[in-house]
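The chains referred to below are lettered A, B, ... by the order of the sequence lines, with proteins before strands, and numbering in each begins at 1.
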Amino acid sequence: MELDKLLKEVQKPARYVGAEYNSVHKDLQDVGIRFAFCFPDVYEVGMSHLGIKILYHLLNDQKDIYCERVFTPWIDMEEKMRQAQIPLFSLETKTPVKEFDIVGFTLQYEMSYSNIINMLDLSGIPALREERGENMPFVYAGGPCAYNPEPLADFMDFFMIGESEEQIIEVMDAYRTWKQSGKEKRAFLEAIVSIRGIYVPEFYDVNYKEDGTILEMKPNHPKAPKRVQKQYVRDMDNVYYPETMIVPSMEIIHDRITLELFRGCIRGCRFCQAGMIYRPVRERSPKRLLGLAEKLIDSTGYEEISMSSLSTSDYTGLEELTEGLLDLTVEKKINLSLPSLRIDSFSMDLMQKVQKVRKSGLTFAPEAGSQRMRDVINKGVTEEDLMRSVSLAFAGGYSGVKLYFMIGLPTETDEDVKAIAHLAHKVVQAYRDTPKHLRNKGLRVTVSASSFVPKPFTPFQWAAQDDIETLRDKQHLIKDELHDKAINYNWHESTLSVLEGVFARGDRRLGKVLLKAHELGVRFDAWHECFQYDLWQEAFCQTGVNPDFYNKRERSYDEILPWEIIDPGVSRAFLERENERAKRGELTENCRSSCSGCGVKQMGGGGVCG
Amino acid sequence: MVKYRFCYSKFGDAKYISHLDLIRLFSRAFKRAHIPLTYSEGFNPHPKMAIGLPLSVGITSEGEYVDAEVDRTLSIEDFENLNRAMPLGICINQAAELVLGMQKLADIRWAVYTVTVSGSTLSESQVKDFLARESVIVEKKTKRKVEDADILPDIAEIALLDAAEDGVRLSMTLSAGPAANLKPELVLVAMSTYIDGFRAEDFAIHRVKILSDKGRTLL
Ligand code: SF4
């Protein structure tokens, strides 16, 4: 077979074959809807992601739907496929993507957008929706980045906004009906546009002012809603969760069972998009989770199970759950891997029970160096809190500490930046102050500073983003302030975060930039070794789009923001209020202490707050 | 603690599973089948399991070996469960308890392959002449360097099974195991170099069996 020949010549051919345990293989004769779930990155990254595991099994549990997986072929494979003129195919049946009914992309990070265009190209599917015609599949996207769908509006027939476990079934029902009707493609889009969370970009017109900002975005179709409300799961115990997961035959990044404890976050950090768009907090009960854990352990044979959420320490059933999981993992002889937890006596005790192995590093995310800056971002952590935690960790025998920070936050001064280094030194001091008989040898403090990127639907959505030079200066400022051999410092390439910023807060006009950049050969932008900033600059230049318009400007409250076509539940009034409080350095309480009226309660349909 | 030897095949898409991933794959399959593997003591316990002979990615086989230690005696039902717990393309064909006096994995000395080459042909006499050469020198890559090596001593037999105008099927018995290991791909390279008009560009390799120094299979 042609493909066999190719696979002999590429690295990690197991990426492309998909016969893993628990992968689904159906008789195509029984299948009515063929669904290609596309993850715009390599297999190892895509398969580590929880969403794909949920939707894959959810769809395949429907008798007449066959969901297959498609990942981005790595550079070597792409080259061979293009040479041999083999179109992009699905893992399970090796069917060309073009032959599917529905092609869905998941948007996990902006820097994967160029891979989407490349995957469509490799499939022989025109990237622009207007050029696709009646014989091509429907192409849609969902996932967290779909909260600003506009940069991909030229390419997608529709978007699913929010959590799609329930809505995807409705869309599939509509597809069945439409397929039987034999009507043209537009009729399907008309049928689904009234399903909550469905955004159909061709049903909206965008007009711009002279200064390039948006004059209006309005529906051009009577059925299209003025704003598209996100869809979200109300009852986490009764919503679908797979009792089995594909077990890859090759090593992937997160190679273990994942239990999702809850969605949403009570904290309200002002930079964090996830903390805003996943509101309100909805928990799964420990009972449900333990039941799932047992089934997943038996059905996968995995040797490790982990917990996932935005902030595990805030899970109300943590004690009950971890007790249950400890018993279960001992009985089943597997490992429990702990996420980073707030360090207190409970978590220290828990780690003691879990980690029979060497005491590896602990992770802390103060996010900012100075108290002023932490107040601005509403990170309710004080220096005292941090010092108490690291001292506890050092006295408990941990000698490795990782500290995560951001630079480029709104209102940040040089003093705030230097404070990152000072805080790191204080952590070193806390180690030296720990009695010798308690602490372990070999202190390692790792300081990691990433560049802040303002995201839609956060209180900082109006903020200007630091430019490359400023970010580099700040990175160096930290470096110059650090003078201790125990401290390791690493930072992220700032050109990447600039581009991320453009697409995060971009509009429809970026479609042509993306297309041009693809033509010029960009792909795998999230991969350091593949990212080619100069090609992107060329693409902006050739299309006459100025990236600074998206990044460097502080937007005013009067401006209509491209993503406001979406209603995420949190209101604009709340975001403005939070932005003003940020400027004044005022903290806002977490949802459990007191409700700050973010607006998500008004979405209706319940959901528990706090 | 009971030691077992399993003979398994690897075919279809499973031929792309690398040797390094196999131990993890097997230990998960044992877990799914509820067969308690014996783990080593210490900080980082790992299952007591050993694979007979690495198989290159892309090669199918019907005679691979893995030895594993388990906590209890296994029943027929266990073996059935184990096969159900394997990913597509991996199948246990045979198993037996390891008893004293049985051959060890370290005794592996030869491997027999069937090699199908498309788009080129060979005659009996060409194969005979090739084997009658004084030496067969090819570039051999080791971990550290590339050097010229004579592979003839590592070829026990090459037999022509089928020959047509557009393809041939060969049986090769080659050195295998810890002391000397010759890959059939390399033999094809050598044959393409030394046999006039023969070109092995499009081929499929299948390992038929693994033999000990006594020329016997290990189960
Ligand atoms: S409505 Fe109140 S409690 Fe609920 S998420 Fe918003 S701020 Fe938090």
Side-chain angles (χ1 to χ4, degrees), chain A residues 1-25 43-44 77 84 89-94 244-252 255-257 295-305 329 331-335 355-360, chain B residues 10-47 56-60 70-71 81-91 116-119 183 185 188 200-206:
Chain A
M1 207 174 86
E2 190 79 24
L3 183 60
D4 258 342
K5 228 166 119 185
L6 246 68
L7 290 175
K8 275 185 195 147
E9 294 167 14
V10 298
Q11 300 170 36
K12 304 190 187 177
R15 281 168 168 166
Y16 310 105
V17 292
E20 314 95 318
Y21 192 75
N22 286 334
S23 61
V24 178
H25 298 270
Y43 178 90
E44 304 91 290
M77 182 66 172
F89 54 87
S90 65
L91 258 52
E92 281 79 358
T93 60
K94 319 279 185 292
T244 183
M245 285 177 184
I246 293 176
V247 186
S249 302
M250 63 178 278
E251 212 165 354
I252 60 169
D255 204 8
R256 57 181 86 94
I257 298 168
K295 289 199 175 104
L296 284 162
I297 294 169
D298 287 344
S299 69
T300 62
Y302 264 124
E303 52 291 288
E304 191 169 296
I305 187 164
T329 49
E331 182 200 322
K332 304 270 183 189
K333 292 198 177 134
I334 72 166
N335 302 320
Q355 270 164 317
K356 295 176 201 95
V357 203
R358 232 173 323 114
K359 294 198 167 167
S360 47
Chain B
K10 200 171 171 225
F11 53 91
D13 285 343
K15 69 171 178 275
Y16 295 110
I17 300 172
S18 84
H19 174 68
L20 293 173
D21 292 325
L22 271 179
I23 292 280
R24 191 175 51 241
L25 184 145
F26 282 132
S27 67
R28 287 173 183 171
F30 275 79
K31 266 201 187 315
R32 294 190 287 261
H34 297 283
I35 299 173
L37 283 166
T38 307
Y39 280 78
S40 65
E41 306 282 323
F43 266 148
N44 215 341
H46 51 87
S56 304
V57 167
I59 298 185
T60 56
V70 295
D71 288 350
N81 286 342
L82 191 55
N83 263 342
R84 263 194 292 275
M86 288 291 175
L88 286 173
I90 294 196
C91 181
T116 313
V117 181
S118 319
K183 291 184 173 186
E185 294 96 315
L188 287 176
E201 275 166 356
D202 191 0
F203 55 84
I205 303 172
H206 178 72

Between A:Glu251 and B:Arg24 the two heavy atoms that sit nearest each other are N-NH2, 3.3 Å
Of the non-hydrogen atoms in A:Val17 and B:Asp13, which two are nearest, and what is the gap between them?
O-OD2, 3.3 Å
Give the member of B:Pro45, B:Pro87, B:Ala29 that has the highest number of heavy-atom pairs under 4.5 Å with chain A.
B:Pro87
Sub-4.5 Å side-chain heavy-atom contact between [X] and [Y]:
| X | Y | value |
| --- | --- | --- |
| A:Lys5 | B:Glu201 | no |
| A:Val10 | B:Tyr16 | no |
| A:Tyr21 | B:Arg28 | no |
| A:Asp298 | B:His34 | yes |
| B:Arg32 | A:Val247 | yes |
| B:Asp21 | A:Ser249 | no |

Can a donor-acceptor pair be found, under 3.5 Å and without considering hydrogens, that links the side chain of B:Lys31 to the backbone of A:Lys333?
yes
Tell me whether the count of non-hydrogen atoms from other residues, nucleotides or ligands lying under 6.0 Å of NZ in B:Lys183 goes above 12.
no
Pairs of heavy atoms under 4.5 Å with chain B: top-ranked of A:Gly18, A:Ala14, A:Pro13, A:Pro248
A:Pro13
I need the A:Glu303 CD to B:Ser27 OG distance, nearest 0.5 Å.
5.5 Å
Given a strict heavy-atom distance threshold of 4.5 Å, which part of A:Ser299 is in contact with chain B: side chain, backbone, both, or neither?
backbone
Please flag which part of A:Asp255 lies under 4.5 Å from any non-hydrogen atom of chain B: side chain, backbone, both or neither.
both
Qualifying salt bridge (charged side-chain N to carboxylate O under 4.0 Å, His left out) pairs with a residue from residues 8-25 of chain A, counting only residues at least two apart or across chains
A:Glu9-A:Lys80, A:Lys12-A:Glu44, A:Arg15-A:Glu44, A:Glu20-A:Arg69
All ring-ring contact (aromatic ring centres under 6.0 Å, His included) counterparts of B:Phe30, not counting sequence neighbours
B:Phe6
